[in-house]
Protein chains: 4
Amino acid sequence: MNFRTDLALERKEYIDKHSLDGIISHRKTVDGITVDTITVTDERGERTLGKPIGTYITVETVPFTNNSDLFSPSLYVLRDELRSLLPEGRDCVLVAGLGNEDITPDALGPRCISLLFATRHIPDSLAEETGLGSLRPVAGIVPGVLGKTGMESSEIISGVVKKIKPCAVIVVDALASRSTDRLGKTVQLCNTGISPGSGVGNHRRKISEETLGVPVIGIGVPTVVDGRTLACDILEKAGISGSLINKEDLKDTMMVTPKEIDALIERASRLIAMAINTALHPDISGEEILAVVS
Amino acid sequence: MNFRTDLALERKEYIDKHSLDGIISHRKTVDGITVDTITVTDERGERTLGKPIGTYITVETVPFTNNSDLFSPSLYVLRDELRSLLPEGRDCVLVAGLGNEDITPDALGPRCISLLFATRHIPDSLAEETGLGSLRPVAGIVPGVLGKTGMESSEIISGVVKKIKPCAVIVVDALASRSTDRLGKTVQLCNTGISPGSGVGNHRRKISEETLGVPVIGIGVPTVVDGRTLACDILEKAGISGSLINKEDLKDTMMVTPKEIDALIERASRLIAMAINTALHPDISGEEILAVVS
Amino acid sequence: MNFRTDLALERKEYIDKHSLDGIISHRKTVDGITVDTITVTDERGERTLGKPIGTYITVETVPFTNNSDLFSPSLYVLRDELRSLLPEGRDCVLVAGLGNEDITPDALGPRCISLLFATRHIPDSLAEETGLGSLRPVAGIVPGVLGKTGMESSEIISGVVKKIKPCAVIVVDALASRSTDRLGKTVQLCNTGISPGSGVGNHRRKISEETLGVPVIGIGVPTVVDGRTLACDILEKAGISGSLINKEDLKDTMMVTPKEIDALIERASRLIAMAINTALHPDISGEEILAVVS
Amino acid sequence: MNFRTDLALERKEYIDKHSLDGIISHRKTVDGITVDTITVTDERGERTLGKPIGTYITVETVPFTNNSDLFSPSLYVLRDELRSLLPEGRDCVLVAGLGNEDITPDALGPRCISLLFATRHIPDSLAEETGLGSLRPVAGIVPGVLGKTGMESSEIISGVVKKIKPCAVIVVDALASRSTDRLGKTVQLCNTGISPGSGVGNHRRKISEETLGVPVIGIGVPTVVDGRTLACDILEKAGISGSLINKEDLKDTMMVTPKEIDALIERASRLIAMAINTALHPDISGEEILAVVS
């Protein structure tokens, strides 16, 4: 059965029964938060997992549909895992928010940028004056969607990278998951960028170190399940072969989202934006940053 | 198998194999548009269909995800079917747009009101001056959702009905369907108001002639399928019993919508608002009304 | 010179040079917040001030364009002044948010309702279960604008009041000011409801105890200055007669707002909504209420 | 008196009493639409007008607050004037929508891009199939605002220009005017790009052929008057020196806009987007393009 997922963890779970050559996985629990790290070490792992060589970290947070405190273990665990993937130093970082602002489950990336603490334009003198101290330069961009811009997100980001020369790019995007279980309570981080995938829109051509020339860290939250994938998953759990299903009934035009998708996107955007903000500006408290960006 | 649907036509299709006492159904085609009329004539029909005595008209329009001309047969068929349900005369009509503006698939009702040609406040002198002639008084209301207002939509509408004394109420709402086939290309009209149902939110207590004291016409468009219903429907079509499914995998917290739900809601709102506008103001052209409301 | 203002304090300042019979005024400072209370005691005061008999409280808050802490003296002073105007007891209160959601400087009322802690629909059993204790019933409504609904806000509120029988109504609205000095840092509370005024839209017919049959508390924030009023005010301060101005240059179609009007409206809505929430639910902390409503 | 305006026509009117060396101006009327063309021919003209050498075309349209037909002389005159500034050929054109989406009077640019017929990504085979014929490649970008991105609009556009190599750039932006008379009924086109100006935000560093390396056409609509400018203008018309005014009363933090600014921006965006679409795609009817983009 062919299924759609952007989550390395889901691919691994599916594959576990088979082979694990070239894949190292590790699970830990920090302050009640489960963190799974999967490392693809060579081509065998690439073939098995269908994901390029690199590190994939899956953080299982408190469900975003719950109204919990922003400054909680979820935030600090995400911040620390993100830091572990970032290059050393304080050079400029570009954060790109992929997706379509006008389609709720795809709006995660653009919403994150609206809460980004962009600092590249702030002169040191002003930063010192306002008590923020010396600021790491951070820039943000919302490349928009192919149908509206006529350009791939990767083209726009690549042009901007050449102009402002950041030391790394962080790309935030909504992901498709295989199972509704992970929607709205999982964040995936990786150091391989964003591979062509299966989100709501088709806005993704590969965005990676290979195409941009600088390290690319991907951050994603599963927000949708494909209608077809959901049905296959349900059947599989019931022990029924997916081949019994009439393909016509499972049109690719449907998406499955939590009913509270609006609240979910708002909270996930806030959490991820603040994880990025606090990872990039370790000398400023999260509360101070939040007061500036909101 | 228990399933959720707000469409009388879907209930009837499910039931067709059994009994039809107390139910009269009729299908016609007007300008390429299929119109199904189901009339529940007595208590036997009520029991069979699970819907109160009354008339249920289902119009299958051009899919709302297509970008077609507003002034097309879909509009004129809807207008004429709506007129057939409206009481005679030119007395005031109140139009209520149910649902949650902030959840896209539930925003149909509020969006319709934003395109309603409300005229109750326009003095005859002004209407004559601007060349619109004598206008039928029309009022519109968006009652909002229980969680934000602390009041049932039915309570707010009932209060307003007592104040402005309309001759009829038209209630517009997004509906749940049993099958993804009907999402975004079906409009249901009825003269029994809105019965407690299964839309995205739980904003509905019965809104009918019985509770308001004046005739209530319901207009609905199926915009979501319940995740659980979808799965059962898929299995049933594959000839598999729904009882095989693990209930845990089919949480009630998921909804299935078309990927183009934003465009769908915008176009459906426009079509229904203009069907109401042209049904209530037969002496003014649709193009003139559109220029005023948009 | 004829000028437009909804602020009793501004009328009084203009009039101070003349007569004060029937008007009592008092200024105090609480935690650094200036509170002016003007009481119109009889018809002489009504004539002088152009405002009905009643109490008008003006609170000068930290400017809403500053990004300050919500839980600050401004909130607690507003809460206490509001409580001083509310009738005793724990009966149901209806809060109405006037104005046009789609015009930023007029959206204060609707935005407040979106942050209202509406509780009228929550059964005691559920409230107890979630640890909130016994809740005072609170309902909220956004009546919308005349041009879209065909009904005066006063008609809709009156209908709802008859249905749900609250012990008092709180009406929130954006106000016009005479001077740009007060925009976005002043809140006016009064126990005379909302008199026909000069906000952005013309959505106001008198909403008061006289028309609704229960006490009506008005809460307003000046968000706009009328273009004509601004010019007259500027000239007057320069010692020039307004009659020198060409009326054609001062069209009534212009409005003057702060450039940060979007941030201003968001913060003012939050402050006022939370002042209402904490005034009506004294047994629950503001932080707990905020977690529920946002 | 120092005043703020982005309109060449206003500068010229102010200067007319003085000198005209290096400036050629011409007025014509097409289908009832007044078109003023000002050409700055040399450095004397630059000094006099405070605008670089180039052509400035001001089109006085039907007021955008009126609800008139989109396909009217205003559209065709704008299209033709825009064509007169575009380089020959059918090479790729990049359209940039400057300004802040979240501040209504500044949202003109971003809204235009949402209605742009972007075609650069559409393969010829698909275009032929859908009957659109061979399409000129067009791309669009919304660079966002400095405070949110940490990058000047000019930096982002410059990066994208280097990547996709268009033959020309069209930049759309909201402008400041000196007088409320022109708000919402004037469009300025020029072939000198966008010079640092005085819109609502401070998002503009020079965007011109000099900085981008390809011809840059600017399109602007005056949507705001600076509060200070308005007051000076009023006084001047009354024959009073601006120096009499207390600077404190004329804070730079205020803006003056028409009350119907939301409708104005929506209509102006639609008109300009369609003028661009029809100028760039002369073989497709405006109605066909509108059906695709909306």
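Naming convention: chains lettered A, B, ... in sequence-line order (proteins, then strands); numbering from 1 in each chain.
Neither the backbone nor the side chain of A:I157 comes within contact range of chain D; no heavy atom of the residue lies under 4.5 Å from a heavy atom of that chain.
By a heavy-atom distance cut of under 4.5 Å, not one residue of residues 275-287 of chain D is near chain A. Residues of residues 117-126 of chain A placed with any heavy atom under 4.5 Å of a heavy atom in chain D are listed by number as A:A118, A:R120, A:H121.
Taking CD1 of D:I265 as the reference point, atom CD1 of D:I103 lies at 11.5 Å (rounded to 0.5 Å). D:D106 CG to D:N100 CG: the interatomic distance, rounded to the nearest 0.5 Å, is 5.5 Å. To the nearest 0.5 angstrom, A:I261 atom CD1 is 5.0 Å from A:T223 atom OG1. Here the straight-line distance linking atom NZ of A:K206 with atom CD1 of A:I194 works out to 12.0 Å at 0.5 Å rounding. Atom CD1 of D:I141 and atom CG of D:L116 lie 12.0 Å apart (nearest 0.5 Å).
Counting heavy-atom neighbours within 6.0 Å of D:E128 CD, excluding the residue itself, gives a total above 12.
A ring pair (Phe, Tyr, Trp, His ring centres under 6.0 Å) check over residues 83-111 of chain A, counting only residues at least two apart or in different chains, returns nothing.
A side-chain contact (heavy atoms from CB on, under 4.5 Å) with D:T192 is found for exactly one of D:S208, D:P52, D:P215, namely D:P52.
With sequence neighbours excluded, the residues that form a side chain to side chain contact (heavy atoms under 4.5 Å, CB included) with A:K162 are A:S158, D:K163.
Between A:R270 and A:E266, no side-chain nitrogen of the basic residue sits less than 4.0 Å from a carboxylate oxygen of the acidic one, so the salt-bridge criterion is not met.
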